[in-house]
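This report refers to the structure that appears directly beneath it.
If you're wondering where the values come from, they're calculated on a predicted model, not measured in any experiment. All chains are named by letter (A, B, ...) in the order of the sequence lines, taking the proteins before the strands, and each is independently numbered beginning at 1.
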Protein chains: 2
Amino acid sequence: MSEPRKFHSVGTRPIRHDGLDKVTGRARFGADLSLPGMLYGKVLRSSHAHAHIRRIDPRPALQLEGVRAVITSADRPEIPSEHGTGGEGGPVDFRDLSRNVLARDKVLYHGHPVAAVAATNPRIAEEALGRIEVDYEILRPVLDVEAAMAPDAPLLHDDLYTRGVDPRPETPSNVAARIVIERGDTEKGFAEADVVIEREYRTETVHQGYIEPHAAVASTAEDGQSVLWCCTQGPFLVRSFCSKVLQLPISQIKVIPSEIGGGFGGKTTVYVEPLAILLSRRAGRPVKLVMDREEVFRATGPTSATSIRVRMGARKDGTIAAVKVRLVYAAGAFPGSPVVPGAMTMLAPYQLENVRIEGYDVVVNKPKTNAYRAPGSSMAAFAAESALDEIAQELALDPLELRLRNAVRTGSQAVYGPTFKAIGFVETLEAARNHPHYRAPLAPNQGRGVACGFWFNAGMQSTAAVNLTEDGSAVVVSGCPDIGGSRVSLALMAAEELGIPVERVRPVVADTETIGYNDVTGGSRVTFATGMAVIEATRDVVRQLCKRAALIWEVPVEQVEWREGEAHCRNGEAKDPLSLREIVRQAVRTGGPISGQASLTARGAGPGFGTHICDTEIDPDTGRVQVVRYTAVQDVGKAVHPSYVEGQLQGGVAQGIGWALNEEFVYDENGVLLNAGFLDYRIPVASDLPMIDTVLVEVPNPSHPHGVRGVGEVPIVPPLAAVANALFRATGVRFYRVPMSPPRVLEGLQSRK
Amino acid sequence: MSEPRKFHSVGTRPIRHDGLDKVTGRARFGADLSLPGMLYGKVLRSSHAHAHIRRIDPRPALQLEGVRAVITSADRPEIPSEHGTGGEGGPVDFRDLSRNVLARDKVLYHGHPVAAVAATNPRIAEEALGRIEVDYEILRPVLDVEAAMAPDAPLLHDDLYTRGVDPRPETPSNVAARIVIERGDTEKGFAEADVVIEREYRTETVHQGYIEPHAAVASTAEDGQSVLWCCTQGPFLVRSFCSKVLQLPISQIKVIPSEIGGGFGGKTTVYVEPLAILLSRRAGRPVKLVMDREEVFRATGPTSATSIRVRMGARKDGTIAAVKVRLVYAAGAFPGSPVVPGAMTMLAPYQLENVRIEGYDVVVNKPKTNAYRAPGSSMAAFAAESALDEIAQELALDPLELRLRNAVRTGSQAVYGPTFKAIGFVETLEAARNHPHYRAPLAPNQGRGVACGFWFNAGMQSTAAVNLTEDGSAVVVSGCPDIGGSRVSLALMAAEELGIPVERVRPVVADTETIGYNDVTGGSRVTFATGMAVIEATRDVVRQLCKRAALIWEVPVEQVEWREGEAHCRNGEAKDPLSLREIVRQAVRTGGPISGQASLTARGAGPGFGTHICDTEIDPDTGRVQVVRYTAVQDVGKAVHPSYVEGQLQGGVAQGIGWALNEEFVYDENGVLLNAGFLDYRIPVASDLPMIDTVLVEVPNPSHPHGVRGVGEVPIVPPLAAVANALFRATGVRFYRVPMSPPRVLEGLQSRK
């Protein structure tokens, strides 16, 4: 199915099914549910970034009228270290997860939960928090990732020994793991290079900045069955994680996903969800637990601050001769930074003979990081694509030309191992080179940068069902919350297969009981993998429709063909085509209702590549940088709903620009976050951004029946470097540190003089 | 599969999954849902039993502050007469349904809805009703079913011509239809009879008496998508009926069934549901519409009052020589009494050579009847089984013996046409004859009666899904609300097929979008038909489990066998069995999640027969009758959960005793119901009843993989006659009229003197 195919529904732009409810405010998000008799939960959080908990006494809180339950880690089973699969396929240690949800013995960051209460109203719950007595033994925190690697650094975990080094270290440290990717002989490569640069790059902790704080309502029946409503990217993951943390059978937890006001990877784990369940089990009443914005900043998972060193050598013709990289990623309080995908993706767009990438996962006294759109890649690409820009400049090569000379193509071996099937990286480079933007004139104080990016895209597990209704419409059931328009994209694929207008297809997101297992909405996998399941389920329905038509016509099923929403009889007899509606009308006598269903582990997620062009303008007096024009070119496989594909590109770029120019967690020396709110943690607003142009390159993914590949993550990979490269071209100053905020830019400009 | 089979789960008695929530009051019924911004709806009902509506002016109500919407039939599309399938498979005319939901031009019973309002609180809504101006032209009502057939009776519908008579009548009448079932030559049969009796029987309008009044909450989104929560036996039926009445596409309506506090057939149609949707569409806010008890009595569907004439002849040996029957059933305001099933079931237990049954469906100025447990059969059996008792007495035969001589057996042709497959009627008669109850001594003023009953049991359409969870439990998804324990019965069948404990199976009832089409919970069809779908879906899961085991073992799938929750390898190599849990643990790499699904039109619902023994005691001074002992024997095919099968038998008998002794709608001459409440409409309470003994005879239904046949309806068929026959044996007075309430019994006793 890799040949271009004529589509009638896929590729069109109908209004998304959840659109009207979302723009009119009717859609129900995590905090919008209330139940009769519901209690309000609040979480007591550590006021220190690093401390032993000597004692917690919840009794004074319990004595307050209206308080119905108080929980501390004493109320929760101790869990042995056990590795499982996290939201986007990475590893997770359930002991760490459990201790992040509620601290045991030690607090590891300012804001770390130590207790939770449920009371008849939020005011009482708040007051009760103040009555819980916690006796801390305060320890020195370590916040900087390089400092945390020092031998004399305060230790977060006295049982943490670096994995991936041989022999295993004899002393614990804050370095949780080391990984190495190596190919060829870098020393030989550097020896053959005509130009070699070595640079160090730093990025800060940044947050996904989703609009909706985490929220959960839990209700537990008398027989111990808990129902949890929450905003999440993965209701099945929440079910599984809560079952681990609370040591309950999975069958005792049902998760109903609400609409979700953004996640970007940040809603692929649990925070308040297990606490809400535990409180509801304790109190025998429903409990609502909603984070405020400050809690989101202080205690949910941002992405890593990093320290990256790159040594890169190239020959005169632009061939990259060798690359050597050291990546250090801050994981926050528990191991598990995205250093692995950072290392794997960093140089994935290029054919390299000699490369060595060493990565370190380091714990610090900040909140445990969590996935953020193309986890780990943006920072790595910032370093790699900035270095490439310097090489291009040294060799006086066009930066796109340099990339074209080294670009991976179909059949190339990726730095991280596998061989690429059909990919469209070169096509994005060529489209960028031919785009009017690339040749447009620039005004004074403006500069133009380019950068590229890569993301694997995920497959993972999906289940979907397709049910026909009595009037010939279809319901598409999935278990993946709709973040970026997946309802309509799944509906389009079903409409395509059925040959009916998409208006007659109704997509729904079910809970964890009414549909089979689904992995998270993340990894850019839903339209690809769940779409595959929807197509398979719909084809099952089409097979049944043909069988029913054969019964009605009394001909062998082989003579029936499905075209344009109708069964056609191939044999000589003249039979009028039977429409879906007509077949359904007769279903009761031909075998009953028609429904299809499919479950799969999706293989062959097509990797995605993007090439971005960015124009920046600098105010030399203030150091303020404005992005004045931006074009994102990306191979999207097949754009099922082009508007939402374009939206993904625009959204990723917007987040990348915020990360490049303004966003960062600012801590004081005690490890207290100073800018825990949207006034001080400045994500870009509309007026900060130009219209972001998009160019969709469509190289179909041969592993997907409609050619789909994931699109949501690639666009956040290039912007940090694209902005930095543009800024260099505008100012002659190379910035090695993100964010390139006005004070830092001004400092750079001054150093130029 | 008709051979007896060893079961490990089917036939056990676990606690039902909804049990704890229901006994502790946590279960959420129709009226338990509230939504933010919700309005309260009320219905204005006709204050006359028969009138033309000259004019309705809703404007004064709309002027009241807090009133957000008022609807009358002017706000609803006029619907052409169109016949569809009703809840339990009978016909329904959607024009009539629509006019029953909201009167157009004419009101046909006291309580007939004429308008509905939605307001910010119930008090304002109530006040608004009083402001709606309705100008009636009052007409003479007709309430009695025989009177309604008279040529000079007031006409309810001037376009109603009797169906089933040839030629079609030239004038309209209140007789909607005539049906005839005929076999052999009754005149010849009577000529050969040694004894012939001819009797007339009357029964009154009775209500199902479900605990929970009808309740609905509707919410409509900006794009016109309506969601309806309601207590119903058939969420898909509600969706379809609302779509017809409101002329909306089915895909615009989603129905979520609440728990249901009884239905007994009475919740297989719509009343407030379309009104709630229409009000919510008008007001742009959620609307809750809850009936009170009085509205339930005045304006929901009870079952027919009847007038039945039986002429029965028998030979000396007890062989029934001929039967001739005239059944007249009152349909209420619109055609559609259960006279057809009454006629079909009335003599179904017996092999008859000469029979003629004539049935009439007659409209009267009472609420439109609706299904009530074995619709139409109890009254018909009252007549048939009373007549048989008189024949037995005349011939001095034991009444069970008389029935045994005429009983249908496997292979007999039913009066209504088909040939019976494996049935257990004779077995119930023999079990009754051998039961200690039948030979127990009687005290003074006591008498013992027997009677038999028959019900087809329905198949119809069902869809079910089975989803395995990551920890090896299973979720069984159906679309049939659980009234009598169907969750646990479906779970037991799935556990049986999977070979795992039922505790690891979680049954859920889904909404109309997340599962494929399901017909109503009714007709005694769910455990049979939905059970069949569950078994088929589970077998699909088992096939997949075997396939996965084959992949893990790297053997052909033919070598894998599923036994006792484990895959076993048949081939010579020693492979340890793989448990379900272990296979699921490896699912991600063997093809993804495991789910199964099945849709079907269930064929071969095994008919059910019951034989009841009833002892009554009469208080000669007051006429009060007490049932002192009762034994219900029934062929139940295979009792999947014996406790709930026994509960069905006990519940049916309890309702039948109430019907026999006390229940009746009492109208004044203007057609106003005088006893619209549970104080005056007296259903039996616990102290009115003895412990009802049950004997489960198990003759497996060969069409069902576990031998299941429906059980819920048969038990309400014999009690009216069983009580009357017992009363005759106690008093020597034969009662031809139900209820045998104290005044009527006293009158009978006095006539004896």
So how far is it from [X] [atom1] to [Y] [atom2], rounded to the nearest 0.5 Å?
X        : Y        : atom1 : atom2 : result
A:Arg589 : B:Gln461 : CZ    : CD    : 12.5 Å
B:Lys22  : A:Glu222 : NZ    : CD    : 15.0 Å
A:Asp471 : B:Ser251 : CG    : OG    : 6.0 Å

So what's closer than 4.5 Å to chain B heavy atoms on [X]: side chain, backbone, both or neither?
X        : value
A:Ser219 : side chain
A:Leu33  : neither
A:Ala221 : both
A:Val508 : side chain
A:Asp21  : side chain
A:Pro36  : side chain

| Hey, which of B:Gly472, B:Gly516, B:Ser243 has the most heavy atom pairs under 4.5 Å with chain A? | B:Gly516

| query | So which bits of residues 473-480 of chain A come within less than 4.5 Å of chain B, counting non-hydrogen atoms only? | reply | A:Ser473, A:Val475, A:Val477

Under a 4.5 Å heavy-atom cut-off, does chain A meet the side chain of [X], its backbone, both or neither?
X        : result
B:Thr24  : side chain
B:Leu600 : both
B:Arg504 : neither

| Going through the distances and angles, do B:Arg506 and A:Gln225 end up as a side chain to side chain contact (heavy atoms under 4.5 Å, CB included)? | CA-CA 10 Å; B:Arg506 179 149 179 78; A:Gln225 289 287 337; 3.2 Å; yes

| What residues, two or more places apart in sequence or in another chain, satisfy side-chain hydrogen bond (donor to acceptor under 3.5 Å, both in side chains) together with A:Glu536? |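 Listed in chain order: nothing, the list is empty.
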
| query | What residues form a side-chain hydrogen bond (donor to acceptor under 3.5 Å, both in side chains) with A:Ser595, not counting sequence neighbours? | reply |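 Here the qualifying residues are A:Asn467.
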
| query | Can you list the residues that meet the side-chain contact (heavy atoms from CB on, under 4.5 Å) rule with A:Glu470, with sequence neighbours excluded? | reply | B:Arg239, B:Ser240, B:Ile250, B:Tyr517

| Interface residue of largest heavy-atom contact number with chain B, from A:Thr514, A:Thr590, A:Leu35, under 4.5 Å | A:Thr514

| query | Between A:Arg26 (side chain) and B:Thr220 (backbone), is there a donor-acceptor pair under 3.5 Å? | reply |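 Checking the backbone N and O of B:Thr220 against the side chain of A:Arg26, a donor-acceptor pair under 3.5 Å is found.
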
| Are any side-chain N or O atoms of A:Thr601 and backbone N or O atoms of B:Val588, one a donor and one an acceptor, separated by less than 3.5 Å? |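 Yes, the answer is positive, given that a donor and an acceptor are paired below the 3.5 Å cut-off.
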
